[in-house]
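In what follows, a single structure is set out as structure tokens and then discussed.
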Amino acid sequence: ASASLCGTWDIISNENFEGYMIALGISPCVQKVAAKLKLKKVIEQQNDQFIVKTLSFFRNYIISFRVDHEFEEFTQGLDNRHVKSLVSWQGNKLVCEQRGEKKNRGWSHWIEDDKLHLELYCEGELCKQVFKKNGNQ
Ligand code: YOG
């Protein structure tokens, strides 16, 4: 079994967040605010049910899903699009495909060296985020 994604995580690096936001069509003004955010990720799991919270003082974004069950996702407060999302395990990676207007869109989470890794991708842009476990736990 692979290491658990569960816990509270603080961002320590964020590569090409700008490229990802441009691919999503985020306005330059919002991009500027978003680029400075210290994102926090809170992940909870019960069997095949997940809750993933992306938290910041500016906005929060929360999804819940069951692995291998497609769901309707509305990216409210992000790019405000409706997508059909499907999350599945691919080896030790939790992979989400987000089908909709934007091609080749999704994300992937895994644990490596006690860190939470996240790749966010959209139309050829790849953003790589790394989180460390929050010190309070
Ligand atoms: O996470 O899809 O963990 O949902 C990245 C936002 C910034 C708003 C966060 C608010 C991408 C303006 C979601 C940020 C840029 C920028 C705090 C990443 C879009 C808008 C919410 C994500 C997955 C995987 C789970």
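Counting starts at 1 for both ligands and their atoms, in listed order.
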To the nearest 0.5 Å, atom NZ of K41 lies from atom CG of L118 at 5.0 Å
Hey, what polar pairs (N/O, under 3.5 Å) does ligand 1 make with protein?
from     : atom 1 : to   : atom 2 : distance (Å)
ligand 1 : 1 (O)  : K41  : NZ     : 3.1
ligand 1 : 3 (O)  : K41  : NZ     : 2.7
ligand 1 : 3 (O)  : H109 : NE2    : 2.7

Residue from I111, V87, V52 passing side chain to side chain contact (heavy atoms under 4.5 Å, CB included) with L94
V87
Do you see a donor-acceptor pair shorter than 3.5 Å between the side chains of H117 and K93?
no
Residue list, side-chain hydrogen bond (donor to acceptor under 3.5 Å, both in side chains) with Q46, at least two apart or on another chain:
none
Please examine the side chains of K133 and W9, heavy atoms only from C-beta on, and report whether any two atoms are closer than 4.5 Å.
yes
Side chain of R99, backbone of N104: donor and acceptor closer than 3.5 Å?
no
